[in-house]
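For reference, the structure discussed in these notes is given below.
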Amino acid sequence: MTLHHHDLTLRPITGPDELDLFTTFPYVLNGELAKDLEAGRRHPRWLWLALRGERVVARAAWWSRPGAEHPFLMDILDLDGDPEDAFDLVRTALSTVVAPDATPPDYLRYVPGDWREQPEVRRGVEQRMGVLERLGAKLFVERLRLEWRPGTPVPEPAGRLTFRPVRDAEELIALMTRVLEGTLDAHSRDDLSRMSARQAAEEQYRDELEGYASPHEWWRVATLPDGEPVGFVIPAHNGYNPIIAYIGVVPEHRGHGYIDEVLAAGTRLLADEGVPRIRASTDVGNQPMARAFARAGYDAFERQLDMTWR
């Protein structure tokens, strides 16, 4: 599909041969696009350009898990000049990449941790957000992107907890349901406004955790010496990086510092695999979890802005 708005051309890329054109704008995700297309996480019809003559003036892209008919996330939006060009681009692209009458997928953007203190960076962030706000989106949450690097010490086991593999999906879903009580995570709190804790846990397991190709044998349940579960940690690989995908302590065992031991166990498991880094993320407002990652040697190297149409 190619549309012409006066001298503005709006169209998806024709294929991988146009990635050089699409990556005219610099961004951290540019280097992943070719592999994403090969793996089916993206499709040419989800990578859109706005051009004036031969010049790219805006671009937008969507991502999903392999095999999905519709995108799960919008994760690229850039513009050079008039925000109206980006507005026309996204509005037009959404009419083709999103199912009729469906809510557009969330938008996320990686930004420097001090983006508000950098005038040019802040201007770009606010321009992109302004375009999407005109289309009905709003800022949902700001998150810390965290990274552990080899050579960073991992605390030795304190001996208070024992770690074993997750027995089955039901055990993990039951624990996930319990840790949602009192959660500070914005996405989880939003889920709980629309469904039960059990439903939210089942949905996250089905839509995220179950799909990781990394060994599910990495997943660990933390227990007291008598076998009572205290929490769990889900080390995984998301196709890009080794990650701590999910971690939690059940409500009755919070406040005793167990989170540090659970996080250390997940970190140690991945570190023993010889990984080059471990990534994680948590909401800026989830200070207890942010402090736990900091104690474990994870550096906040970037932030993530999530916008939603919900």
Side-chain angles (χ1 to χ4, degrees), residues 22-33 50 56-63 72-91 94 104-149 152 183-191 193 238 240-241 243-244 247 263 277-310:
F22 189 81
T23 55
T24 299
F25 293 96
Y27 186 43
V28 65
L29 296 183
N30 283 355
E32 299 175 355
L33 297 178
V56 179
V57 295
R59 68 170 185 168
W62 287 260
W63 175 96
F72 179 73
L73 284 174
M74 178 184 182
D75 60 351
I76 293 177
L77 175 61
D78 291 294
L79 62 150
D80 179 17
D82 190 351
E84 201 67 30
D85 295 339
F87 175 81
D88 289 342
L89 174 66
V90 177
R91 180 177 58 180
L94 281 174
D106 291 358
Y107 167 75
L108 67 82
R109 180 77 181 195
Y110 300 142
V111 297
D114 61 347
W115 67 270
R116 290 179 177 84
E117 284 71 56
Q118 298 187 50
E120 278 302 304
V121 174
R122 181 168 184 164
R123 176 175 172 272
V125 170
E126 292 177 345
Q127 276 190 332
R128 288 186 291 269
M129 291 177 63
V131 167
L132 298 180
E133 285 168 352
R134 288 177 60 195
L135 290 163
K138 62 180 180 179
L139 179 64
F140 181 74
V141 69
E142 185 168 341
R143 292 173 63 78
L144 298 172
R145 300 193 73 213
L146 305 153
E147 184 175 83
W148 179 93
R149 286 279 184 173
T152 304
T183 180
L184 298 177
D185 180 84
H187 285 283
S188 294
R189 291 168 69 93
D190 181 65
D191 287 342
S193 73
N238 64 3
Y240 302 96
N241 291 287
I243 61 171
I244 299 297
I247 183 170
L263 178 54
R277 71 187 67 83
I278 303 171
R279 293 276 175 87
S281 60
T282 192
D283 293 359
V284 170
N286 190 348
Q287 285 299 304
M289 197 68 246
R291 288 192 291 267
F293 276 112
R295 290 192 298 269
Y298 286 73
D299 291 326
F301 71 98
E302 209 169 44
R303 291 199 178 191
Q304 173 183 315
L305 302 177
D306 290 9
M307 297 185 72
T308 180
W309 273 262
R310 288 198 299 273

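In what follows, every heavy atom counts, from backbone to side chain, and hydrogens, waters and symmetry copies are set aside. Since this is a predicted model, take the numbers as computed values, not measurements.
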Mind checking what makes side chain to side chain contact (heavy atoms under 4.5 Å, CB included) contact with F72, not counting sequence neighbours? W63, S64, R65
Checking side-chain contact (heavy atoms from CB on, under 4.5 Å) for the pair Y298/I244: CA distance, chi angles, key distance, verdict? CA-CA 11 Å; Y298 286 73; I244 299 297; 3.5 Å; yes
In sequence, state the C-alpha distance, the side-chain angles, and the governing distance for V141 and R189, and then conclude on side-chain contact (heavy atoms from CB on, under 4.5 Å). CA-CA 11 Å; V141 69; R189 291 168 69 93; over 6 Å; no
To the nearest 0.5 angstrom, please state how far the CG atom of L263 sits from the CE atom of M289. 5.5 Å
Which pairs count as salt bridge (Lys or Arg N to Asp or Glu O under 4.0 Å) when at least one residue sits in residues 130-139, sequence neighbours excluded? E84-R134
Between atom CZ of R277 and atom CG of N241, what is the distance when rounded to the nearest 0.5 Å? 5.0 Å
Which pairs with one or both residues in residues 285-297 pass salt bridge (Lys or Arg N to Asp or Glu O under 4.0 Å), sequence neighbours excluded? D260-R295
If we only count heavy atoms from C-beta on, is the Y27 to Y110 side-chain gap below 4.5 Å? yes
Do any pairs count as a salt bridge (Lys or Arg N to Asp or Glu O under 4.0 Å) and have a residue in residues 111-120, sequence neighbours left out, and if so which ones? R116-E142
My understanding is that only residues two or more places apart in sequence, or in another chain, count here; which of them pass side chain to side chain donor-acceptor pair (under 3.5 Å) with E147? R149, R279
Report the residues that fulfil side chain to side chain contact (heavy atoms under 4.5 Å, CB included) with S188, sequence neighbours left out, ordered by chain and then residue number. L180, T183, D185
Between R59 and the options D75, D80, D78, D85, the salt bridge (Lys or Arg N to Asp or Glu O under 4.0 Å) test singles out D78
